[in-house]
Amino acid sequence: MDVSHILEHLNDAQRQAVTAPNQSLLVLAGAGSGKTRVLVHRIAWLIQVEGLSPHSVMAVTFTNKAASEMRGRIEDLLAMPAAGLWVGTFHGLSHRLLRRHWQEAKLPQGFQILDSEDQLRLVKRVLKGLELDESRWPPRQAQHFINGQKDKGLRPQHLDDSGDPVNRQLIRIYSAYEAACNRAGVVDFAELLLRSLELLRDNKELLDHYQSRFRHLLVDEFQDTNELQYAWLRLIAGARTPVFAVGDDDQSIYGWRGAKIENIQNFQKDFPGTEVVRLEQNYRSTGAILQAANALIEHNEGRLGKELWTADEEGEAVSLYTAYDERDEARFVADQVRDWYEQGNRRSEIAVLYRSNAQSRVFEETFIAMGIPYRVYGGLRFFERAEIKDALAYLRLVANKDDDTSFERVVNQPTRGIGERTIALIRDSARANDQSLHQAAIDLVTGTGLAARARTAVAGFLTLIKELTEVCVGLPLHEQVEHMLEHSGLKEHYGKDKSEKAQSRVENLEELVSAARGFRLDPEEHGDMDELTAFLSHAALEAGEGQGDPWEDCVQMMTLHSAKGLEFPKVFLCGMEEGLFPHRMSIEEGGRLEEERRLCYVGITRARQKLYITCTERRRLYGSETYNAPSRFIGEIPGELLEEIRPRLATSEPLYRPSALQDDGVEGFQIGQRVVHAKFGEGMITNHEGQGSSARVQVNFEGAGSKWLVLAYANLQAV
DNA sequence: GCGACATTGTTTTTT
DNA sequence: ACAATGTCGC
């Protein structure tokens, strides 16, 4: 067979990776060095040259987008469908395993997936059940704790409170949360991974089966794996399966959510005989842009070491624009966009990148005022919209009566006279009898525990769910959805509201019917799941795109994080100021600067032809005016690569820096400082406002929670 | 059940 | 500053 198409257009390093012998390989792939191409060609090589069945290959990515792009490119290269090939996200593949082996995983057949919002609601319910005060036990913190433990592979019984009462309570919450999930037959995102890991670990036969089935494992964006994901990989690989890991330590920007850069270092230990291949030739950016990126990232310590180079020309210098304020910054960018467009280029070739979402607003306002179409990435996604989640909750109840989260969501949505009191009764009864809310409601309606009015209302809801369940049997999926929308009263509820917002909700609900109509069961992915369950899982695992109209010629706006993996001819890196980027939080907390620098590196390397960096002299942030120094990252780019477009002018307002005031705190107290109060005990100052006799500080007390105290009266002592 | 008022947090995000 | 959420009263 002629396989030259697999090796054509690859450079030496790429070819070395693609044709590597049967052993583990760590590919350190710099930005723009053809990472995806190497992965895709490697898989094609394994199948067409090594003669492996697609059935024996698993490729793991982080996002659905990356997974579908990879599958598409593989099939293009092979010129045939790659049936049997497992390409997917960690979560998607874990989900697949759990569906195939739900019994061994001790899950109900129709188990459902909680997204983060569902999870938070459930945590809140659990806190209520434990009679814990939400202000002392913030649900988000508990959620974070639970996910953190799961990401480390730890169950409540593995945890030791080490005598710490806070820890003890959190473990209790985790335990109760787990019980609630099990009873409801739902799993959260981390659970998908942990449960599938345990499934294989505890079932020797299954493990043997999959370990011998998969003869090659490939991982994308390896620097973003967390502990649990890495353990999952090692387990499936076993002792024999070589792992082909592609990553870039310089682009690790998700440490804050548990990604372990150390996994790259450990990789060579855990997979003995691993070869390392570096991809350093960049096919994306001009010389100037790469030199700027290289110079910046040099300032990080403990890198694995890599230097990008290009055979391309030097290109234009990086432009630096120091704006007067954020409106001026936006105006500058808008002017550049307009010029570019008027020269006959496309606006979609331009990206505006920023550190935090809040920064997009001024740009949006300016673009609107100047009539420049734009698209902001990373808003609410389709399946995350409230009305869609309401509709899905009805469907989930149809599929699984034990799903208490869904029950609570729609029992009174639209309102049907089932108020807090009635719901509390149902909840108590459910807890007392260790039942689902749905079952408890049935018992209450037939029993005597409810007032006549409430009983009628609850009975009405139960009848509705029963009716939906019966009608749905045998109906095509989209008709099930349609029927539910009509009979639940959801559509009518939004329909009678004539506001624009409500109208778009109705449209979204109709869109849901279309989504259902277009949904196809994939036997590989979904096994023998019924259509409804498969559709609901799909909705949870792939939240859909944010906004429509991707085809209009729009300026692309997004955070630096969402820009990873993308490239644009012209890039604006905005808000390059100390405090914003690097972000204050990362400056204050030690050891987080390097990740910010990597984020900046990611930003710079998005640009193909031209990079602009902008910063402002003053900026309105969280209500008050701030005067920020230009980001240290600007200073780390050699001056000869930078060209200042508007040097600081004498016309700009005199710079005085009240930021020093803020850092000093008030009256000798600072944020982060530990203090003791006569009544509330010991705590830490978390905020302050006002001055003189009205100065107040917020203190988070260990025993009494968070309080605002007037300094003049509180008599706080520094610890 | 809804509107008025208060409180709170405000980096980054995928699944 | 501001949005998003929670609380309270009718």
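This is a predicted model, so every value here is computed, not measured. Proteins get letters first, then strands, A, B, ... in listed order; numbering begins at 1 in each.
The interatomic distance linking A:L353 (CG) with B:dT13 (P) rounds to 12 Å, in whole Å. Atom C1' of nucleotide B:dT11 and atom CZ of A:R584 are separated by 12 Å, given to the nearest angstrom. Straight-line distance from the CD atom of A:Q141 to the P atom of B:dT8: 15 Å, rounded to whole Å. Note: CZ (A:F90) to C1' (B:dT13) measures 16 Å, nearest angstrom. Per the geometry, CG belonging to A:L93 stands 13 Å off P belonging to B:dT15, to the nearest Å. Counting to the nearest Å, the P atom of B:dT12 and the CD atom of A:E589 are 15 Å from each other.
B:dT11 and C:dA4: their P atoms are spaced 15 Å apart (whole Å). Distance check on atom C1': C:dC2 versus B:dT13 gives 22 Å, rounded to whole Å.
With hydrogens and angles ignored, the 3.5 Å screen pairs no side-chain donor or acceptor of A:T422 with any backbone N or O of A:I418.
Taking side-chain N and O atoms only, A:N357 has no distance below 4.0 Å to OP1 or OP2 of B:dT10. Within the 4.0 Å cut-off from OP1 or OP2 of C:dA1, not a single side-chain nitrogen or oxygen of A:R361 is found. Regarding contacts with the backbone of B:dT14, every side-chain N or O of A:N64 stays at 4.0 angstrom or more from both OP1 and OP2.
Between the side-chain ring of A:W256 and the base of B:dT12, a stacking contact exists by the 5.5 Å and 30° definition. Stacking here means ring centres nearer than 5.5 Å and ring planes tilted less than 30 degrees, and by that measure A:H561 does not stack onto B:dT12.
Set against B:dT14, B:dT15, B:dT11, the side chain of A:M585 has B:dT11 as its closest nucleotide. Side chain of A:N412, nearest nucleotide from B:dG1, B:dT11, B:dT15: B:dG1. Nearest nucleotide to the side chain of A:E596, out of C:dA1, B:dT11, B:dG1: B:dT11. Out of B:dT12, B:dT15, B:dG1, the shortest distance to the side chain of A:T559 is found at B:dT12. Side chain of A:S356, nearest nucleotide from B:dT11, B:dT13, B:dT15: B:dT11.
Counting non-hydrogen atoms under 4.0 angstrom, A:R416 reaches nothing in the nucleic acid. Note on A:Y622: a base of the nucleic acid sits closer than 4.0 angstrom, heavy atoms only. Within the nucleic acid shown, A:K124 comes within 4.0 Å of sugar-phosphate atoms alone, with no base atom in reach, counting heavy atoms only. As judged by a 4.0 angstrom heavy-atom cut-off over every strand, A:S562 is placed among residues touching the sugar-phosphate backbone only. Contacts of A:D151 with the nucleic acid, taken as non-hydrogen atoms under 4.0 Å apart, are absent. The residue A:D188 sits apart from the nucleic acid: no heavy atom pair falls under 4.0 Å. Using a 4.0 Å heavy-atom criterion, one finds that A:Y254 contacts the sugar-phosphate atoms exclusively. In this structure, A:G419 reaches neither bases nor backbone, as no heavy-atom distance under 4.0 Å exists between it and the strands shown.
The pair A:K124-A:E134 does not meet the salt-bridge criterion, since no charged nitrogen lies less than 4.0 angstrom from a carboxylate oxygen.
Just one of A:D188, A:V186, A:I113 meets the side chain to side chain contact (heavy atoms under 4.5 Å, CB included) condition when paired with A:Q119; it is A:D188.
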